[in-house]
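Just so it is clear: chains get the letters A, B, ... in the order the sequence lines come, proteins before strands, and each one is counted from 1.
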Amino acid sequence: MVRKGIPVKKLFADMNDFLDKEIFVNGWIRTRRDSKAGISFIELNDGSCFKNLQIIVEHSTPHLKEIIKKINTGCSVGVSGVLRESPAKGQPIELDARDITIYGEADPASYPLQKKRHSFEFLRQIAHLRPRTNTIGAVTRVRNQISYAIHQFFQERGFYYIHTPIITTSDCEGAGEVFQIITEGEGENFFGRPTYLTVSGQLQAEIYALALGKVYTFGPTFRAENSNTRRHLSEFWMVEPEMAFADLEDDLNLAQDMLHYLISRVLDSCKEDLEFFRKFIDKGLFSRLEVVATESFEVITYTEAIEMLKNSGESFEFPVEWGEDLQAEHERFLTEKKFKKPVAVIHYPRTLKPFYMKVNDDDERTVAAMDILVPEIGEIIGGSEREYRYDVLLEQMRQKNMNIDDYQWYLDLRRYGSAPHAGFGLGLERFVQFITGVQNIREAIPFPRTPGHALF
RNA sequence: UCCCCGGUAGCUCAAUCGGCAGAGCGGGUGGCUGUUAACCACUAGGUUGCUGGUUCGAGUCCGGCCCGGGGAGCCA
């Protein structure tokens, strides 16, 4: 049986409980420094937290003097010793090694990770080793905290977690290109009809919202769009809450509460990781997060946004005209220059949005949609009140030339016990990007899939 | 898919007008009385992405291709 180590995180959190006592730790070596006559310093990281544990190895012990020669960056070890206050600056505690077990060596001549900064492009090529770096380790812990907090947020508010299908038969009109399911033997006929990887769980979530009241899905989604940018993935995770008996205002409030909650939780729980991002990736990280965690969003209508852009005095590459979609440059102006905080743009022209969005009562040209835009990333949440009136929905589907037969089940929800309902979608990786400041979304997911790239 | 930039040692990058391909880090060896990406000395390490062309001579100029990055579109 493998001897269990005390997590480094626990050693730092409760150091007084362990001082001057014999303890055991497991982990991977980050660096080794040999120093003047007979002492080596090794930095051990076990992934439990950002910090390394400094281990002191006295060469006066013949046994250790032999072992230390094999200890290089990347190797895995178990160390027993006495935890002491560190006499030197840089760390409060250190482990005075009595014995070291090497589980797995790492040949320094070929081990790709060095004790220095690597480019993210290089690390992506060794995606199986990059979680051992400071940055990817920290991103992974933050992503975990966000995922956990998402469940907590919705569970605390009475939402039920539902699992919507990965394999679907609808292509959720307007959500981009789809991957089709083909089997080696049956071709596309395995299910007796064409099937696709889901682009969104929303339509199925609506089914359960109109039965359980408040639900959310949280899972992978797939887009076959040939878009190669630092903000797009072919496989990404989405959180999609759906509420019955709710309108656009409820939807906005939920989205705002959620963002406040998630950011606050990460600020509380991942201080060291965030401090690393502030230091090496984004100097303004904390002020940016504080703004989103505490302030209410600026809410403006699409029509107001168009007016603001027209009167801004800015020269835009793309035209600003009512009925035209907001371009990235327009969104950036609103979030980064005009308001300098998240902006919710509501009531878009119905021609720009999918069939399921509710047509506004007071202005039939627009739908009860919302896009929440944040600085740097752009759209992070998209949502709407859903059209719950059978006749209006049917008319919308006809106008968009949809195959009505494929959506009888969806229309049934409006035929039997329909109710006002609303929901939104949050792209998890974009949110991770926003929180950590990593420039490329490929650093926000462990195994990024993009056009032409699928490792492992 | 379009536009722009790039590809030189294991990594990060230099190489002036077309004229002997270099440095730091990493590796190896040796040194150094507690180091903080330790430090000092020595040392090994190259098909300059591939391909065709121009030239006495190409890392450098031209064509084609491959790969990477940034921006745009599409979207979350």
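- Distance from the side chain of Arg430(A) is smallest to C75(B) among U35(B), C11(B), C75(B).
- Remark: Ser110(A) is not in phosphate contact with G27(B), judged by side-chain N or O atoms under 4.0 Å from OP1 or OP2.
- Using Watson-Crick or G-U wobble geometry with both donor-acceptor distances under 3.5 Å, C39(B) finds its partner in G31(B).
- When Watson-Crick and G-U wobble pairs are counted only if both distances are under 3.5 Å, U1(B) pairs with A72(B).
- The side chain of Arg230(A) contributes no N or O atom lying less than 4.0 Å from OP1 or OP2 of A72(B).
- Nearest to the side-chain atoms of Arg223(A) among the listed nucleotides C11(B), C75(B), G26(B) stands C75(B).
- No hydrogens or angles considered: a donor-acceptor pair under 3.5 Å links the side chains of Glu206(A) and Gln202(A).
- Judged by distance alone, the side chains of Ser40(A) and His59(A) do bring a donor and an acceptor atom under 3.5 Å apart.
- The Gln114(A) side chain lies nearest to C11(B) when the options are U36(B), C11(B), A72(B).
- The base of C25(B) lies outside donor-acceptor range of the side chain of Arg117(A), with no N or O pair under 3.5 Å.
- Test Arg143(A), Arg141(A), Lys279(A) against Asp273(A) for salt bridge (charged side-chain N to carboxylate O under 4.0 Å, His left out) and you get one pass: Arg141(A).
- Distance from the side chain of Ile441(A) is smallest for A76(B) among the nucleotides G24(B), C75(B), A76(B).
- The side chain of Asn440(A) lies closest to G69(B), out of G69(B), U36(B), G24(B).
- Here Lys115(A) reaches the OP1 or OP2 of A38(B): one of its side-chain N or O atoms lies under 4.0 Å away.
- Dashed line: the shortest gap from a side-chain N or O of Arg124(A) to OP1 or OP2 of G69(B) is under 4.0 Å.
- Within 3.5 Å, a donor on the side chain of Gln91(A) pairs with an acceptor on the base of U35(B), or the reverse.
- For Arg442(A), a side-chain nitrogen or oxygen approaches OP1 or OP2 of G69(B) to under 4.0 Å.
- Which of C11(B), U35(B), G73(B) sits closest to the side chain of Gln327(A) comes down to G73(B).
- Side chains of Gln152(A) and Arg157(A): no donor on one and acceptor on the other come within 3.5 Å.
- Nucleotide G10(B) has C25(B) as its partner under the Watson-Crick or G-U criteria, with both atom distances under 3.5 Å.
- Nearest nucleotide to the side chain of Ser227(A), out of G69(B), C74(B), A72(B): C74(B).
- Pair assignment for G52(B) gives C62(B), based on Watson-Crick or G-U wobble hydrogen-bonding distances that are each under 3.5 Å.
- Proximity of Arg33(A) to the phosphate of U35(B): no side-chain N or O atom is located under 4.0 Å from OP1 or OP2.
- Taking the side chain of Glu225(A) as heavy atoms from C-beta on, and the options A76(B), C74(B), U36(B), the nearest nucleotide is C74(B).
- Between the side chains of Arg84(A) and Ser86(A), no donor-acceptor pair of N or O atoms lies under 3.5 Å.
- Among A37(B), C11(B), A72(B), the nucleotide with an atom closest to any side-chain atom of His118(A) is C11(B).
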